[in-house]
K.L.:
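Here you go, one structure.
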Amino acid sequence: LAPQANTSTNELSGVYEQLADTVEFYGQVKVLRFTPGAGSHFDRLGEMRLHIGTMDLRIASIALAYGGVVVTRNIRDFQRVPELALEDWAQSG
């Protein structure tokens, strides 16, 4: 949301409040790295020819390396990955 030149002070204050909230939120998000361990999972899964996209395969590899759970709506593709813990966020409740 970019402020316009004719934006009122109150509107501008709201825009910057939203920006601060967004920065604060993303500052709390932990980014899991693609480690050598994740790379090993990626190579092994790639050899299995699971027919899922490269980026999804990387996500699965990172989750396996960290012992994490992939929370997604794309259960159809991710369920092809052996031993991957999944949760469908659309079905959680």
Side-chain angles (χ1 to χ4, degrees):
L1 191 70
Q4 302 295 319
N6 61 352
T7 303
S8 75
T9 301
N10 285 340
E11 290 172 322
L12 189 57
S13 175
V15 168
Y16 281 103
E17 188 68 29
Q18 287 177 345
L19 174 61
D21 289 346
T22 301
V23 170
E24 184 178 327
F25 170 77
Y26 282 112
Q28 297 173 30
V29 174
K30 181 174 179 163
V31 176
L32 301 179
R33 298 179 187 276
F34 189 83
T35 62
S40 295
H41 285 289
F42 182 80
D43 291 341
R44 180 180 58 85
L45 295 172
E47 291 170 359
M48 297 172 85
R49 306 214 186 276
L50 300 173
H51 301 290
I52 66 172
T54 300
M55 296 309 290
D56 287 347
L57 203 58
R58 287 185 182 139
I59 291 167
S61 298
I62 292 168
L64 288 169
Y66 282 88
V69 177
V70 174
V71 180
T72 181
R73 282 188 63 181
N74 186 9
I75 297 296
R76 184 185 59 144
D77 286 345
F78 282 108
Q79 71 185 2
R80 296 177 183 157
V81 179
E83 301 176 25
L84 181 64
L86 290 174
E87 184 177 329
D88 184 344
W89 64 263
Q91 300 299 316
S92 298

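Atoms considered below: every heavy atom in the structure, side chains included; atoms not considered: hydrogens, waters and symmetry mates.
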K.L.:
Between Val71 and Phe25, is there a shared hydrophobic cluster once you connect ILVMFWY residues whose side-chain heavy atoms come closer than 4.5 Å?
P.N.:
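No; tracing contacts between hydrophobic side chains, which count when under 4.5 Å, never links both residues.
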K.L.:
When you group the ILVMFWY residues by side-chain heavy-atom contacts below 4.5 Å and let the links chain together, are Met48 and Phe42 in the same group?
P.N.:
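Yes.
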K.L.:
Identify the heavy atoms of Ser61 and His41 that sit nearest to each other, and give their distance.
P.N.:
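Heavy-atom minimum between the residues: OG-C, 3.7 Å.
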K.L.:
Please tell me whether Trp89 and Leu84 are part of a single hydrophobic cluster in this structure, the criterion being side-chain heavy atoms less than 4.5 Å apart.
P.N.:
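No; tracing contacts between hydrophobic side chains, which count when under 4.5 Å, never links both residues.
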K.L.:
Restricting to non-hydrogen atoms, name the atom on Val69 and the atom on Leu86 that form the minimum distance, rounded to 0.1 Å.
P.N.:
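Closest approach of Val69 to Leu86, heavy atoms only: CG1-C, 4.0 Å.
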K.L.:
Would you check if the side chain of Ser13 reaches a backbone N or O of Thr9 as a donor-acceptor pair within less than 3.5 Å?
P.N.:
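The answer is no, because no donor-acceptor pair under 3.5 Å joins these two groups.
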K.L.:
Quick one: closest heavy-atom pair of Pro82 and Leu50, and the distance?
P.N.:
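Taking every non-hydrogen atom into account, CD-CD1, 4.3 Å.
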K.L.:
Would you say Asp88 and Arg73 make side-chain contact, with heavy atoms under 4.5 Å?
P.N.:
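SC-SC contact between Asp88 and Arg73 confirmed.
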K.L.:
Run the side-chain contact (heavy atoms from CB on, under 4.5 Å) check on Val29 and Tyr26 step by step: do they pass?
P.N.:
CA-CA 5 Å; Val29 174; Tyr26 282 112; 4.2 Å; yes
K.L.:
Quick one: salt bridge (Lys or Arg N to Asp or Glu O under 4.0 Å) partners of Arg80, sequence neighbours excluded?
P.N.:
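Arg80 satisfies salt bridge (Lys or Arg N to Asp or Glu O under 4.0 Å) with Asp77 once adjacent residues are dropped.
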K.L.:
Rounded to the nearest 0.5 Å, what separates atom CD1 in Ile62 from atom CG in Leu32?
P.N.:
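Interatomic distance, Ile62 CD1 to Leu32 CG, rounded to 0.5 Å: 7.0 Å.
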K.L.:
Are the side chain of Thr35 and the backbone N or O of Ala38 linked by a donor-acceptor pair below 3.5 Å?
P.N.:
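Answer holds: yes.
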K.L.:
Which atom names give the shortest non-hydrogen contact between Thr72 and Phe78, and what distance separates them?
P.N.:
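That closest heavy-atom pairing would be CG2-CD1, 3.8 Å.
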K.L.:
Could you check whether any side-chain heavy atom of Tyr16 comes within less than 4.5 Å of a side-chain heavy atom of Leu19, counting everything from C-beta outward?
P.N.:
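Yes, at least one pair of side-chain atoms sits under 4.5 Å.
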K.L.:
Which heavy atom of Ala85 sits nearest to which heavy atom of Gly68, and what is that distance?
P.N.:
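Heavy-atom minimum between the residues: CB-O, 3.9 Å.
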K.L.:
To the nearest 0.5 Å, how far apart are CZ in Arg44 and CG in Leu57?
P.N.:
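Arg44 atom CZ to Leu57 atom CG measures 9.5 Å (nearest 0.5 Å).
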K.L.:
Taking Arg33's backbone N and O only, do any of them form a donor-acceptor pair with Tyr66's side chain (distance below 3.5 Å, no angle check)?
P.N.:
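Yes; judged by distance alone, with no hydrogens or angles, the pair exists.
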K.L.:
From Asp56 CG over to Leu45 CG, what is the distance, rounded to the nearest 0.5 angstrom?
P.N.:
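Separation between the atoms: 12.0 Å.
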